[in-house]
Amino acid sequence: MEAESKIKQQNAACTEPSTRRALFTVTVIFIASLSALIYVYASFPELTEDERQHMKLPFHIEEAKTLGRILGRYKDLYYFQVLAGLFITYIFLQTFAIPGSIFLSILSGFLFPFPIALALVCSCSAVGASLCYLLSSLLGRKLLFKYFPEKAKEWTLAVRKHKDHLLNYMLFLRMTPLLPNWFINLASPIIGVPLFPFAVGTFFGVAPPSFVAIQAGQTLQNLTSSADAWSWNSVGVLCLFALLSLLPVLFKRKLRQKFD
């Protein structure tokens, strides 16, 4: 018992500096990312005083409308600056699980042709979610296994049980509102979801809901809230896509039962 107690104390002593180092690394990455965001803002073309006060992350539909009007005026002359600004901002929000990316999806639909907007949103979602995944694996996993070791083991075993269908489950989760995206990003590395199915599932899984948001962006100035982007038809289509993503899993199970 005494030897076991010493081992636990040694493990705790080793974990503490490791956790501190991980926390320091995440902080440095956040400061560097914020600096990149500030640089993008500072390098944007000269704005009027009235425009400058509206150049901020939109957190409700009226702010998105105003920002859309400003960016729309500059888009023709500074196309790549506007595109790069949206790209970096979207990835920043996704990486650090900051809400507001829905408004950037709507703005993308307002500013760009549909194929470009969809490619932009899916790419930003996949890259940003993957970076969030990596940050969570750096720090979140350590914290979970330190403070909730039993839960961590339980969730890891559950993932291993479904390891052959992780891509399908990731597609399903991205298409449905069962779990918020930020939670999926943070929890996936902790419970052992590999990065490849996570990233691929995110890229294709966010496409159907992004389709709805981008389409709504084409009528941005008529929206009164972000909820206006959704209708019973769009929810029904998303549910249909989500069910289709699980069909391969059900099909494999049926085949396995048949040949076992």
Side-chain angles (χ1 to χ4, degrees), residues 9-45 47 52-53 55-59 63 67 80-105 107-108 120-149 151-152 155-156 159 170 173-174 179-203 205-206:
Q9 286 175 358
Q10 287 173 353
N11 288 340
C14 292
T15 303
E16 190 62 33
S18 179
T19 304
R20 283 181 187 170
R21 191 160 52 247
L23 187 59
F24 175 75
T25 304
V26 171
T27 304
V28 168
I29 292 170
F30 178 80
I31 292 170
S33 302
L34 190 60
S35 301
L37 201 61
I38 293 169
Y39 174 77
V40 168
Y41 174 79
S43 61
F44 203 76
L47 301 167
R52 192 177 297 279
Q53 68 179 354
M55 284 291 290
K56 58 184 180 182
L57 292 174
F59 289 109
E63 289 181 348
L67 183 58
F80 289 105
Q81 286 93 326
V82 172
L83 185 66
L86 267 177
F87 185 80
I88 292 170
T89 306
Y90 205 119
I91 289 175
F92 178 81
L93 294 182
Q94 290 284 310
T95 301
F96 297 101
I98 300 170
S101 56
I102 179 64
F103 295 109
L104 295 187
S105 297
L107 268 176
S108 300
L120 175 70
V121 171
C122 290
S123 300
C124 289
S125 296
V127 172
S130 298
L131 291 172
C132 184
Y133 173 106
L134 293 172
L135 291 181
S136 180
S137 64
L138 185 67
L139 181 61
R141 189 174 180 82
K142 296 179 188 301
L143 294 175
L144 182 71
F145 276 88
K146 180 179 178 182
Y147 295 109
F148 307 101
K151 275 290 180 190
W155 290 344
T156 304
V159 168
M170 190 56 59
L173 288 174
R174 291 298 188 187
L179 292 172
N181 279 329
W182 63 265
F183 180 81
I184 297 170
N185 297 345
L186 292 172
S188 292
I190 295 172
I191 61 177
V193 177
L195 181 58
F196 181 75
F198 173 85
V200 174
T202 298
F203 183 88
V206 298

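Heads up: numbering here begins at 1 and tracks the sequence. Because the structure is predicted, anything quoted here is derived from the model rather than measured.
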How close do [X] and [Y] get, counting heavy atoms only, and between which atoms?
X	Y	value
S130	A199	OG-CB, 3.5 Å
S105	V121	OG-CG1, 3.7 Å
F103	P58	CD1-O, 3.4 Å

Separation between [atom1] of [X] and [atom2] of [Y], rounded to the nearest 0.5 Å:
X	Y	atom1	atom2	answer
L83	I88	CG	CD1	10.0 Å
I98	F59	CD1	CZ	7.0 Å
I91	L86	CD1	CG	11.0 Å
L93	L37	CG	CG	8.0 Å
T25	L135	OG1	CG	9.5 Å

Are I29 and F96 close enough that some pair of their side-chain heavy atoms sits under 4.5 Å apart?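 When only atoms from C-beta onward are counted, F96 and I29 do touch, with a gap below 4.5 Å.
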Should I184 and F198 count as side-chain neighbours, where that means a heavy-atom distance under 4.5 Å?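 I184 vs F198: side chains touch.
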Test side-chain contact (heavy atoms from CB on, under 4.5 Å) on T89 and V40 and set out the steps. CA-CA 9 Å; T89 306; V40 168; 5.6 Å; no
Using only atom types and a distance under 3.5 Å, with no angle test, would you say the side chain of [X] pairs donor to acceptor with the backbone of [Y]?
X	Y	result
Y133	L195	yes
Q94	Y90	no
S136	C132	no

